[in-house]
Amino acid sequence: MMSDHGAPLQSYGRAYEQMLEKVRYDGAYPTREKAEEAVRLVLAGLGRQLTGDERVELAACLPVEAARILTAQIPDTQPLGGWAFVKDLAARTGVSLATTRWDTGSVFSAVAAYAGPDLITRILRQLPSGYALLFGRAELTQAA
């Protein structure tokens with residue numbers, strides 16, 4: 001199979017293809033390749049932030065190709081807050097903060113659809129503040 005540019009298209013499992021289509025549709029990306037770039041960037045970034053049971057459970061929920069991107073990353077010793085996460089991704093790609101924020105929201109929307117609300121709530125409790133909005137939720141507040 002060839003892409004529009006004459007390069008062979010990567011062949012993926014059905015579940016990952018569906019994930020890419022969801023991200024492409026939700027994020028209004030012009031091509032599947034653009035959607036996949038966003039998926040790879042954001043999942044790799046999330047893989048650097050997430051540890052423990054939540055990391056393992058999320059990987060188990062995702063299509064195998066997406067799980068590989070997530071789990072190939074070594075978690076950072078100092079997790080980033082939500083806005084710092086977006087800034088870090090933007091710096092790695094040289095893309096604007098607005099575009100990177102859009103990419104993050106588009107991919108996290110798909111991740112949330114696979115993971116379900118309970119796992120996402122546990123993930124948000126593990127991560128520093130600022131991620132809830134990226135997942136399209138109100139920010140969780142810790143009870144005193």
Side-chain angles (χ1 to χ4, degrees), residues 1 3 7-144:
M1 199 167 25
S3 73
L9 280 177
Q10 186 75 27
S11 175
Y12 295 120
R14 183 104 179 96
Y16 188 61
E17 293 282 354
Q18 289 171 331
M19 182 182 194
L20 292 177
E21 280 307 309
K22 177 173 177 37
V23 171
R24 181 178 177 184
Y25 180 81
D26 291 352
Y29 294 99
T31 64
R32 194 188 84 166
E33 288 76 18
K34 288 287 183 198
E36 186 173 8
E37 285 173 25
V39 167
R40 289 184 171 284
L41 172 72
V42 174
L43 283 179
L46 186 59
R48 289 188 292 275
Q49 302 304 309
L50 205 53
T51 60
D53 291 344
E54 290 79 10
R55 177 185 173 104
V56 173
E57 287 180 48
L58 179 59
C61 294
L62 295 173
V64 67
E65 297 89 345
R68 280 194 198 115
I69 298 165
L70 179 84
T71 59
Q73 304 302 313
I74 297 168
D76 290 338
T77 52
Q78 288 295 313
L80 300 170
W83 185 237
F85 174 81
V86 172
K87 289 197 288 193
D88 177 65
L89 295 181
R92 287 171 186 269
T93 59
V95 175
S96 75
L97 287 171
T99 299
T100 304
R101 167 65 182 88
W102 181 264
D103 291 348
T104 303
S106 299
V107 174
F108 279 2
S109 171
V111 167
Y114 281 94
D118 295 344
L119 179 55
I120 295 299
T121 297
R122 290 189 8 248
I123 287 170
L124 291 174
R125 284 190 184 126
Q126 184 197 101
L127 294 170
S129 69
Y131 285 87
L133 294 173
L134 298 173
F135 276 98
R137 291 187 174 191
E139 192 66 51
L140 298 175
T141 52
Q142 298 294 332

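Computed over heavy atoms, backbone and side chain alike; hydrogens, waters and symmetry mates excluded.
For Glu37 and Tyr29, the side-chain atoms include no donor-acceptor pair closer than 3.5 Å.
You'll find the side chain of Glu65 stays beyond 4.5 Å of the side chain of Met19, heavy atoms only. The closest side-chain heavy-atom distance from Arg24 to Glu21 is below 4.5 Å. Taking 4.5 Å as the limit, every side-chain heavy atom of Tyr12 sits out of range of all side-chain heavy atoms of Gln18.
Judged by distance alone, with hydrogens and angles left aside, the side-chain atoms of Arg55 form a donor-acceptor pair with the main-chain N or O of Leu50 at under 3.5 Å. Under the 3.5 Å distance criterion, the side-chain polar atoms of Thr104 are matched with a main-chain donor or acceptor of Thr100.
For Ile120 against Phe135, the heavy-atom pair with the smallest separation is CD1-CE2, 3.7 Å. The nearest pair of heavy atoms linking Gln49 to Gln126 is O-OE1, 4.0 Å.
Atom CH2 of Trp83 has more than 12 neighbouring heavy atoms from other residues, nucleotides or ligands inside a 6.0 Å radius.
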Stepwise side-chain contact (heavy atoms from CB on, under 4.5 Å) check, Phe85 with Leu127: CA-CA 11 Å; Phe85 174 81; Leu127 294 170; over 6 Å; no

Trace of the side-chain contact (heavy atoms from CB on, under 4.5 Å) decision for Glu54 with Leu58: CA-CA 6 Å; Glu54 290 79 10; Leu58 179 59; over 6 Å; no

Pair Leu134-Arg101, side-chain contact (heavy atoms from CB on, under 4.5 Å): steps then yes or no: CA-CA 8 Å; Leu134 298 173; Arg101 167 65 182 88; 3.4 Å; yes

Chi angles and distances behind the side-chain contact (heavy atoms from CB on, under 4.5 Å) call for Thr121, Arg125: CA-CA 6 Å; Thr121 297; Arg125 284 190 184 126; 3.7 Å; yes

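Distance check: Arg40 CZ to Asp103 CG gives 14.5 Å after rounding to the nearest 0.5 Å. In this structure, Asp118 CG and Ile123 CD1 are separated by 11.0 Å, a value rounded to the nearest 0.5 Å.
Salt bridge present: Asp88 and Arg92 bring a charged side-chain N and a carboxylate O closer than 4.0 Å.
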